[in-house]
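What follows is a single structure, written as structure tokens, with notes after it.
For ligands, and for the atoms within them, numbers begin at 1 and follow the listed sequence. These values consider heavy atoms only, across backbone and side chains, with no hydrogens, waters or symmetry-generated copies. Quick note: residue numbers are just sequence positions, from 1.
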Amino acid sequence: MDIKKLHETFTEIYGEDSEATFFSPGRINLIGEHIDYNGGYVFPCALDFGTYGLVKVRNDNKINFASTNFDLRVKSDLDKPMKNDVIDDWANYPKGVIKIMLDKGYKVKGMDILISGNIPNGAGLSSSASLEVLTGVIINNLFNDNSIGMIDIVKMSQKAENDFVGVNCGIMDQFAIGMGKKAKAILLNCQTLEYSYAAVNLLNYEIVIMNTNKRRALAESKYNERRSECEKALEVIKKVKDVKDICQLKPEEFDKLEYLFTDEKIKNRAKHSVYENARVIKAFNCLNNGDLIEFGRLLVESHNSLKNLYEVTGKELDAIVEEALFSDSCIGARMTGAGFGGCAIAIVEKDKVNLFTSRVKREYTKRIGYEPTFYSTGIGEGVHRVE
Ligand code: GLA
């Protein structure tokens, strides 16, 4: 990112330069998909690309939003109620966080903001959560003396997405973005929010992000649908077992309860959740023990479960993962994030990456009719002030 250019743009828009710059990453999830809202373990990491925010505090109560990614500028006013407005489009994410923080009694003042991101939009790499956590950290740093803990910022960002934007997401994305550490993945227990870090040492392999370039149309409504299906599954389980979340069950326990389900689809949603949760712990151990082949195999198992039991992949993600696995240089691949399009990850031998991507590109394009995009990324730091 050309920060100097961003300062120039800021000055062009607002008449003088900004006083503080912040960075908030995107994220990928290594494994543990669609189980954060079922009290499961997830294993995400922050990326080294993301969203920059330049800010200048104002002397009044106006908040102005501009972005280098979209033409739309939005003006809002702290003296008026913060409401979600469709025409405010992307600015509803920061507005939501401001609203939640005001409701909690935190200080927010007027400011001019310029946002600039290099996370491809709608690719499932959490550009929206990145913007939310960025907003929380700006407010914490500039108006609240850094007195708000990062996990509280994470929770308020999730609440903004749930209550203000209307997507019933779990906590994984905001947590990964807030708490990410360079070269580390976070093992997070979404029921207790206990977490630990694991070094992502992939030896002679690297992570390749593969964007299907299929926009995640209707993803929000299908996402909310999966959540309510899981609530139904939990009701069924609760008839015989006193659990708070589906992921409290071990696979053996779940197998004994399968007979309870009259609806095959609801059973499959629960089955994915329970088995995926068990896979996360196995994958965490594999990574710690340097057993990358088994780690890769678990990623493939995860993808297949998301395809067959949870039904959130779709032909584009399935095609790109199949094509990735066709190459001997790839030891594992799966969709990452909410699914229904967006990105998959592949673990690929470092010195064969170019060969790998050109083959996947060719074959995917033949099958789907348009090209995918690839990013090789490092695992980056969580959100922070840059200067
Ligand atoms: C989206 C949500 C997360 C999580 C994933 C699926 O990214 O925001 O909370 O549920 O989907 O694992």
Proximal atoms of ligand 1 relative to [X] (non-hydrogen, under 4.0 Å):
X	answer
Tyr223	1 (C), 2 (C), 3 (C), 4 (C), 9 (O), 10 (O), 11 (O)
Cys169	2 (C), 8 (O), 9 (O)
Gly337	6 (C), 11 (O)

Discussion item. If I apply the N/O under 3.5 Å rule, does Tyr37 come out as touching ligand 1?
Written reply: no

Discussion item. Below 3.5 Å, N or O to N or O, backbone or side chain included: is there any such pair between Gly170 and ligand 1?
Written reply: yes

Item to complete: Identify the protein heavy atom lying closest to atom 3 (C) of ligand 1, giving its residue, its atom name and the separation to 0.1 Å.
Response: Asp36 OD2, 3.3 Å

Item to complete: Write out the residue and atom name of the closest protein heavy atom to atom 5 (C) of ligand 1, then the distance separating them to 0.1 Å.
Response: Met172 CE, 3.7 Å

Discussion item. Just to check, does Glu276 reach to within less than 4.0 Å of ligand 1 when the distance is taken from its heavy atoms?
Written reply: no

Worksheet item: Do the two ring centres, one from Tyr93 and one from Phe65, sit under 6.0 Å apart?
Response: no

Discussion item. Between Asn92 (side chain only) and Asp89 (backbone N and O only), is there a donor and an acceptor less than 3.5 Å apart?
Written reply: yes

Practice prompt. Evaluate the ring planes of Phe175 and Tyr195, with Trp represented by its six-membered ring, and classify them as parallel (under 30°), tilted (30 to 60°) or perpendicular (over 60°).
Written response: perpendicular

Worksheet item: Is the His34 ring parallel, tilted or perpendicular to the Tyr310 ring (thresholds 30°, 60°)?
Response: tilted

Fill in: From CA spacing to verdict: salt bridge (Lys or Arg N to Asp or Glu O under 4.0 Å), Arg334, Glu301
CA-CA 8 Å; Arg334 60 180 288 277; Glu301 234 181 62; over 6 Å; no

Worksheet entry | Nearest-option assignment for atom 8 (O) of ligand 1, heavy atoms, candidates Ile31, Ile35, Asp173, Asn162 | Asp173

Item to complete: Would you mind telling me if ligand 1 is within reach of the side chain of Arg27, the backbone, both or neither, using heavy atoms under 4.0 Å?
Response: side chain

Worksheet entry | Axial cation check for Tyr197 ring with Lys181, 6.0 Å and 45° limits | yes

Practice prompt. Begin from the C-alpha positions of Asn213 and Thr373 and carry the test side chain to side chain donor-acceptor pair (under 3.5 Å) through to its verdict.
Written response: CA-CA 7 Å; Asn213 285 327; Thr373 318; 2.7 Å; yes

